[in-house]
Amino acid sequence: MKISAFSSDIFTAANLHLSVLDEFIAIVQSKLAETVNPFARDSLNDLLANLTEQRDSYLMLADSIALTAHVA
């Protein structure tokens, strides 16, 4: 039971992080589309890559927990 509740808490947190990252990624993409400054664009592209990597990690975690919950 405790493992199930713990997994549920982690799954909920991972999904919350995914939601925040999705919103932040959308903001960065919007600013990137508005910006012509090469240095700013490079910086935003780096930030976007970092955020996308973080999102992929949280997505893998959430998917893993969801898969485990369906198997158990």
Side-chain angles (χ1 to χ4, degrees):
M1 289 278 190
K2 288 184 180 185
I3 292 174
S4 178
F6 183 69
S7 294
S8 177
D9 288 344
I10 294 173
F11 182 75
T12 300
N15 278 319
L16 179 59
H17 281 257
L18 280 168
S19 175
V20 170
L21 285 165
D22 284 341
E23 290 178 31
F24 199 20
I25 286 169
I27 291 168
V28 172
Q29 288 172 330
S30 173
K31 296 299 180 182
L32 187 58
E34 299 170 1
T35 304
V36 295
N37 179 288
F39 181 80
R41 289 184 61 78
D42 189 45
S43 177
L44 288 172
N45 276 317
D46 286 346
L47 177 58
L48 190 56
N50 184 281
L51 293 171
T52 301
E53 184 177 316
Q54 288 181 48
R55 186 189 187 288
D56 291 345
S57 295
Y58 279 107
L59 186 58
M60 286 186 345
L61 176 64
D63 286 348
S64 160
I65 293 169
L67 181 61
T68 302
H70 287 286
V71 171

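Basis for what follows: all heavy atoms, side chains included, without hydrogens, waters or symmetry-related copies.
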What distance do Lys31 atom NZ and Ile27 atom CD1 have between them, rounded to the nearest 0.5 Å?
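Lys31 NZ to Ile27 CD1: 8.0 Å, rounded to 0.5 Å.
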I need the Tyr58 OH to Asp63 CG distance, nearest 0.5 Å.
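Answer for the OH-CG pair, Tyr58 versus Asp63, is 14.5 Å.
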Answer whether the closest heavy-atom distance between the side chains of Leu18 and Asn15 falls below 4.5 Å.
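Leu18 vs Asn15: side chains touch.
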Determine the sole option in Leu47, Thr52, Asn45 for which the side chain to side chain contact (heavy atoms under 4.5 Å, CB included) test with Val28 is passed.
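Output: one option passes, namely Leu47.
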Could you check whether any side-chain N or O of Ser43 sits under 3.5 Å from a backbone N or O of Phe39, counting only pairs where one atom can act as donor and the other as acceptor?
no
Please check this pair: side chain of Arg41 against backbone of Thr35, looking for a donor-acceptor N/O pair closer than 3.5 Å.
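Yes: the side chain of Arg41 pairs with the backbone of Thr35.
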Is there a path of hydrophobic side-chain contacts, each under 4.5 Å between heavy atoms of I, L, V, M, F, W or Y residues, that connects [X] with [Y]?
| X | Y | answer |
| --- | --- | --- |
| Leu51 | Leu32 | yes |
| Leu44 | Ile25 | yes |
| Leu61 | Leu21 | no |

Is the number of heavy atoms from other residues, nucleotides or ligands within 6.0 Å of CD (Glu53) greater than 12?
no
